[in-house]
Enquirer: 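Okay, handing you the structure first.
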Amino acid sequence: MTMTMPIEPSAIEGKVVLDHVIPSRAPWSGVVKKGQILRIVDLEGNQSGDCILYNAANPEERYSAAQTMVAQKNIFLALGTNLMSNEGNVMMVVTADTLGRHDTIGGACSCESNTLRYGHHTKHQHACTENFLYELGQHVMGKRDMTSNINWFMNVPVEADGTLGIVDGISAPGKYVDLLAEMDTLVVISNCPQINNPCNGFNPTPLRVIVTEPRG
Ligand SMILES: [Zn+2]
């Protein structure tokens with residue numbers, strides 16, 4: 001296992017209002033206020049961060065993978081992507097991206113999909129669905145509120161014939177994305193516990209979330 005990469009304080013602009021390491025396999029949620037920036041850091045590399053966004057003031061408004069792909073006419077998320085809601089509003093904007101490509105098609109893993117893909121012996125394994133349900137419960141939401149999600153740092157190539165792949169990651173220790181909130185946004189993250197495919201390098205590792213706001 002590689003060492004956790006430190007982040008140079010000089011690399012962080014603005015005033016830090018939250019700095020948290022999400023342990024491997026664990027969920028996290030928090031509200032990023034309009035004008036604040038959420039940095040998600042892949043501390044040890046090749047760690048998928050499954051993520052759903054909600055309007056903090058009205059959670060019925062939430063992230064839409066379809067609206068996001070249509071708005072930018074591209075299926076991958078990268079620098080400049082507007083993360084769109086189901087009501088057609090920009091929720092967050094990717095303002096920095098040291099990786100270059102993230103997935104929003106592959107979905108979140110579940111015990112059920114694990115048993116179909118990898119065999120019934122995986123039924124007991126922890127999955128993103130359980131992480132999301134636990135964390136959504138903190139905000140009086142449940143299964144019906146699990147919508148399309150983002151997979152930060154996950155490599156899901158789409159072949160010319162439309163075939164999806166879940167293949168070896170292209171991320172590396174210290175890679176990060178910055179998300180500027182365009183509305184008060186409840187961000188829910190499942191630090192993906194999947195160990196049956198390469199999305200986490202077969203070794204789930206921590207993610208770090210840092211929220212900053214402009215000084216002054
Ligand atoms: Zn997962």
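Counting starts at 1 for both ligands and their atoms, in listed order.
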Enquirer: Do F76 and H102 make the cut of ring centroids closer than 6.0 angstrom?
Expert: no

Enquirer: Just by distance, no angles: are the side chains of N114 and T122 close enough, under 3.5 Å, to form a donor-acceptor pair?
Expert: no

Enquirer: Can you pull the salt bridge (Lys or Arg N to Asp or Glu O under 4.0 Å) pairs that have at least one residue in residues 168-183, sequence neighbours excluded?
Expert: R39-D178

Enquirer: Using a cut-off of 6.0 Å, state whether more than 12 heavy atoms not belonging to H121 lie near its atom NE2.
Expert: yes

Enquirer: Excluding sequence neighbours, so at least two apart, what forms salt bridge (Lys or Arg N to Asp or Glu O under 4.0 Å) with D145?
Expert: R62

Enquirer: Hey, could you give me each pair passing side-chain hydrogen bond (donor to acceptor under 3.5 Å, both in side chains) that has a residue in residues 15-26? Not counting sequence neighbours.
Expert: D19-R208

Enquirer: With a cut-off of 2.8 Å, how many protein N, O or S atoms neighbour the Zn ion (ligand 1)?
Expert: 3

